[in-house]
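Worksheet: the structure to be examined is printed underneath.
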Amino acid sequence: MSGGTFVGMPSFPKAAHEAVNNKTLRGNLRHATHTIRAKRANAVAEVSDWAELREAGKQIKDHTLRHLDRYLVQLEESVTAAGGTVHWAADADEANRIVTYLVKATGESEVVKVKSMATQEIGLNEALEAEGINAYETDLAELIVQLGKDRPSHILVPAIHRNRGEIRDIFAREMSEWGRPAPEGLTDTPAELAEAARVHLREKFLRAKVGVSGANFMVAETGTLVVVESEGNGRMCLTLPETLISVVGIEKIVPAWQDLEVFLQTLPRSSTAERMNPYTSTWTGTTDEDGPQTFHLVLIDNGRTDTLADEVGRQALRCIRCSACLNVCPVYERAGGHAYGSVYPGPIGAILSPQLRGTQSEIDASLPYASSLCGACYDVCPVAIDIPEVLVHLRERVVEGGVVTRDGAKVVLKPAKGHAAERAAMRAARWAFGHPGALRTGQRFASRTRRFHPRTLPGPGKAWSETRALPTVPAEPFRDWWQRTHGGKDASK
Amino acid sequence: MSSRDLILARVRRAIADVPRDDTPYDQAFERGYLREHGDRSVEQTVDLLAENLADYRARVHRCDADGLAETIARLLAERGSTSVVTPTGLDPEWLAAADVTRVPDRLDSTPAELDRVDSVVTACAVAIAETGTIVLDGGPDQGRRRITLVPDHHICVVRVPGQVVSSVPQGLERLDPARPLTWISGPSATSDIELDRVEGVHGPRTLEVVLVSGE
Ligand code: SF4
C-alpha cells in the first residue's frame, strides 16, 4: 500500500487556497492546534528553568553540528562496538536501496514500522513496495493515513485532518485488505477505533521478523538510540522482531548520554504537552537474549550537509521535530499540513524542505512565503530556531539568487525574476499577506518581528510592495494580541 | 569514494566557514538548568511520584515490605488474572500469596504465548518523581523488554525511597546506557483520534505501581 506521494504537488498558495475552503479540515485543525497549544503552555510553565533548558538544547545542538564529522565517526565506532552495523546513505535512493537490500537479506517480505519522519522523507514505503515488500505503519495515526491512502498532515498527529467518522469509514473499508478486518458494527468512538487498531496491528506485531524505525536521538559517546512515543507500537517494533533497521538523519546526534537530560525534558512538553511521554525506549547495539539480535543503523544525508553549508539556514538542523511551531502557526492552522507539499509541514517545513530539496521547484520556491513572520514559532521552539530569520533569508535566496550548496557542490542560483518561481513566490506572498483573514491576522502578528520587515518585500515581493503599501506593523506584541483575541478567532473569518 | 567518506567530506566543507574551536565538549556550553525542580523532603518526593503517576492514569498502591505479597495477590485477584509472567530474578516471595499460574520469562517463549498471559509483575531500576516515570533496565528482576509489553496488565514494584529520584537528570545518572531501557509514564495512550485520550493502543492498558517501603 502506498502512502501517497508529495511529488508534483501544486505550489503552496494553490494548495493552501483549496485547504482554506475545506470546512472539515479547518474545523479539525483549529480544534487540534488550539487544544495542544493551550496544553503546551501549561506544561512549559511547570518547569521554572525552561529558558535555560532551551538555551542548553540550542548550544548542545550547535556544538554537535559544528563538530558533526567527529561525532558521526564516534557514533559509528560506538554502535559497531555494541554489536550494530552502520551504513551511510548520501541520498534517498541510496538509503532505500540499503534498506531494501537488508530486508531482502532476511528473506522476509513484510516489515513493521515505527512512525518516522526520515523514512517518509525518503519515500521508503513506496520503494519497498516496488520491491514486493509490504511496510506496515503501526502508529495509530499513521495507520489511519496509510489505510486512507492519504498523506500525513502534522508531525505529531499525522491524521489530524480526519475526524472520527472518517476514521471509522476507513477502518471498516480497508482493514480487511491488509489483515484482520475491523469488527462488525464498529462505531466512531475513539475507544472502539483504538481497539480495532490494536487487534488489527497485534496480528502483525506478533509475526513480524523485521522492524524499521527512525530515532529521536543518537548518542555518539555510547552508541545509544532513543525513540520517544506514546502508544507502545514503537516498543513492539523495537523489541519483537529479530532484525531492527533504524533510518536516521545525521543531524540527530547528541554528543553524550547526559545531553538526553535536556531533550527528554523539552521534547515531551513541547510536543504532546506532557511531563513525559508514555514510553521512551533506548537501545545500544544489540543485547544478548533481549530484543532484535541484528541491528542496522542507516545514516542519511539527503540534503542535510547542503543545509549545514548555509550559514543562516543550518540552524534548522537543530530541530527535534516536536511540532510546537505547527500548533502556533496561524498560516498552518488555516492551510493544513498538506499544503506544504512535504513531510515537514508548518513553519519548520517552510524552512527545512526548501533547504533539503533546493528551491528549484514551484512548491519549494513558494514555501519561504508560507508564513506571516509573526514569530510565534520562534517563541515556542525548544531549541530556539529563529524560523523567521531563516524564512527571510530563503526569500532572498529565491528572488535574488546567490551561492548555495547542492549535493555537496557550490552552485550559483540565478535570481528567480521572470521565472515560474517568481510567480509562485509572488502568489504566496499575496496569499500570506493578502488572503482574507490571513491579511488581518498577518498585520497584527507582525509587530514583534519588525526587525525582519524590510521596507519593501525582497524580490518578487518587491514589485508587489512597491505599488502597495506594506501592511503597517503595529506595536502591540503578538502575545498580547493573541490573548486579547483568543488566538485569532475574531480574525479568522 | 564511499558514501561514508563522501558525507564526512561534505560535512567538513559545510562547516569550513566556522572558526576553529577546540573547546572540549564538557566546557563547550553551560548547563544553566536545574538538577531538580523545587525543594522537597524525601517523603514529599515519593508523594510527588505517586501524584504524577496517578495523574497519567497509572493506579498507585502503597504498602510496606510485609504487606507486598498480599497487595500483589489482591491486585491480581481483582483483575481476575490467572496467569502471570515473571522475570527470572523476581523475589519469589512477591507472588507467594497469589493463586496464579506462573509463566517464567523464557528465551524461547513466543510473543503469541505472552499474548495469552493475563499479567506481568516486575521490579524497576529507578523512578522519577517530577515526571511520574518508572524506568526498566532489563535487570534480572525486570526481565526481557517484551514481557512488560505484550500482556495487558503490568504490576510494577518500586522500592521507596531507595529507587526514587526527583528529576530526569538524576534518573539518567543512575542508568547504564549499555542496557536496553524502557521509560514508562502512565499506561500506553493515544490521542490520535480528535485528540481524545484513549488508553491503549499497544502496550499494557493497565499499569499498577506498588510503592513498597521498608525493603
Ligand atoms: S522547529 Fe522547533 S518548534 Fe518546530 S518542530 Fe522543530 S524543534 Fe519543534
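Numbers restart at 1 for each chain; the letters A, B, ... are given by sequence-line order, proteins then strands.
Rounding to the nearest 0.5 angstrom, the gap separating the OG1 atom in A/T282 from the CG atom in A/L225 is 9.5 Å. Between the CD1 atom in B/I184 and the SG atom in B/C156 there is a gap of 6.5 Å [rounded to 0.5 Å].
We find that A/K115 and A/E142 are not joined by a salt bridge, their nearest charged nitrogen and carboxylate oxygen being 4.0 Å or further apart. Using a 4.0 Å cut-off between charged nitrogen and carboxylate oxygen, B/R205 and B/E199 do not count as a salt-bridge pair. A salt bridge links B/R10 with A/D301: the distance from a Lys NZ or Arg NE/NH1/NH2 to an Asp or Glu carboxylate oxygen falls below 4.0 Å. A salt bridge links A/R314 with B/D17: the closest approach of a Lys/Arg side-chain nitrogen to an acidic carboxylate oxygen falls below 4.0 angstrom. Electrostatic pairing of B/D196 and A/R164 counts as a salt bridge here, judged by a charged N lying under 4.0 Å from a carboxylate O. A salt bridge between A/K39 and A/E274 is absent, with no side-chain N of the basic residue lying under 4.0 Å from a carboxylate O of the acidic one.
With a 4.5 angstrom heavy-atom cutoff, A/T222 touches chain B only via side-chain atoms. Looking at A/T405, there are no atoms closer than 4.5 Å to chain B (heavy atoms on both sides), in backbone or side chain. For B/R145, the parts sitting under 4.5 Å from any heavy atom of chain A are the backbone and the side chain alike. Proximity to chain B (any heavy atom under 4.5 Å) is restricted, for A/I167, to the side chain, taken from C-beta onward. Neither the backbone nor the side chain of B/L114 comes within contact range of chain A, judged by heavy atoms closer than 4.5 Å. Of the two parts of A/F263, neither the backbone nor the side chain holds a non-hydrogen atom closer than 4.5 Å to a non-hydrogen atom of chain B. For A/R202, the part sitting under 4.5 Å from any heavy atom of chain B is the side chain, from C-beta outward, and nothing else. Looking at A/A82, neither its backbone nor its side chain comes within 4.5 Å of chain B, counting heavy atoms on both sides. For A/L72, the part lying near chain B is the side chain, with the backbone staying farther off; criterion is any non-hydrogen pair under 4.5 Å. Of the two parts of A/A256, the backbone and the side chain both hold a non-hydrogen atom closer than 4.5 Å to a non-hydrogen atom of chain B. For B/E30, the part lying near chain A is the backbone, with the side chain staying farther off; criterion is any non-hydrogen pair under 4.5 Å. Using a 4.5 Å cut-off between heavy atoms, A/E221 makes no contact with chain B at all. Contacts of B/A189 with chain A are made by both backbone and side-chain atoms, with heavy-atom separations under 4.5 Å. Neither the backbone nor the side chain of B/R106 comes within contact range of chain A, judged by heavy atoms closer than 4.5 Å. With a 4.5 angstrom heavy-atom cutoff, A/D288 does not touch chain B via any of its atoms. When heavy atoms are compared at a cutoff of 4.5 Å, B/V201 approaches chain A by way of both its backbone and its side chain. The contact between A/L240 and chain B is made entirely by side chain atoms (from C-beta outward), counting heavy-atom distances below 4.5 Å. With a 4.5 angstrom heavy-atom cutoff, A/T287 touches chain B only via side-chain atoms. Heavy atoms of B/S167 lying under 4.5 Å from chain A are absent altogether.
Interface summary for chain B: among A/V226, A/D69, A/T284, the most heavy-atom pairs under 4.5 angstrom belong to A/D69. Counting heavy-atom pairs under 4.5 Å between each of B/V168, B/I7, B/L6 and chain A puts B/I7 at the top. Of the listed residues (A/D306, A/N277, A/I160, A/V227), the greatest number of heavy-atom pairs within a distance under 4.5 Å of chain B belongs to A/N277. For the options B/T23, B/T133, B/N52, B/T110, heavy-atom pairs under 4.5 Å to chain A are most numerous at B/N52. The candidate from B/A112, B/A178, B/G186, B/G143 with the greatest count of non-hydrogen atom pairs under 4.5 Å with chain A is B/A178. With chain B as partner, the option from A/L299, A/I250, A/T239 having the largest number of non-hydrogen pairs under 4.5 angstrom is A/T239. Put simply, of A/R66, A/R162, A/Q265, A/Q59, the one with the most heavy-atom pairs under 4.5 Å next to chain B is A/R66. Chain A forms the most heavy-atom pairs under 4.5 Å with one residue out of B/V150, B/L207, B/L175, and that residue is B/V150. If you tally non-hydrogen atom pairs under 4.5 Å between each of A/G232, A/P278, A/S78 and chain B, the highest count goes to A/P278. Heavy-atom pairs under 4.5 Å with chain A were tallied for B/S188, B/A9, B/P204; the largest tally goes to B/S188. Among the candidates B/V135, B/L149, B/L136, the residue making the largest number of heavy-atom pairs closer than 4.5 Å to chain A is B/L149. Ranking A/A56, A/S230, A/G291 against chain B, the residue ahead of the rest is A/S230, based on heavy-atom pairs under 4.5 Å.
The shortest distance between side-chain heavy atoms of A/M236 and A/E231 does not fall below 4.5 Å. Side-chain contact check for B/D141 versus B/P87: every heavy-atom pair is 4.5 Å or farther apart. For the pair A/K204 and A/T138, the minimum side-chain heavy-atom distance is 4.5 Å or more.
In plain terms, the two heavy atoms of A/E94 and B/S3 that are nearest each other are OE2-OG, 2.5 Å. When every heavy atom of A/Y279 is checked against every heavy atom of B/P187, the shortest pair comes out as OH-C, 4.1 Å. Nearest heavy-atom pair across B/E130 and B/H37 is OE2-N, 2.6 Å.
More than 12 heavy atoms of other residues, nucleotides or ligands lie within 6.0 Å of CG in B/D26, so this atom counts as buried by the packing criterion.
Annotation: cation-pi geometry satisfied between B/R197 and B/Y56 (NZ/CZ under 6.0 angstrom from ring centroid, within 45° of ring axis).
A tilted orientation is assigned to the rings of A/H67 and A/H63, their planes being inclined by 30° to 60°.
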>> Working note: A/E46 + A/R269, criterion salt bridge (Lys or Arg N to Asp or Glu O under 4.0 Å); need CA distance, chi angles, decisive distance, verdict.
In response: CA-CA 9 Å; A/E46 236 181 59; A/R269 288 179 199 268; 3.2 Å; yes
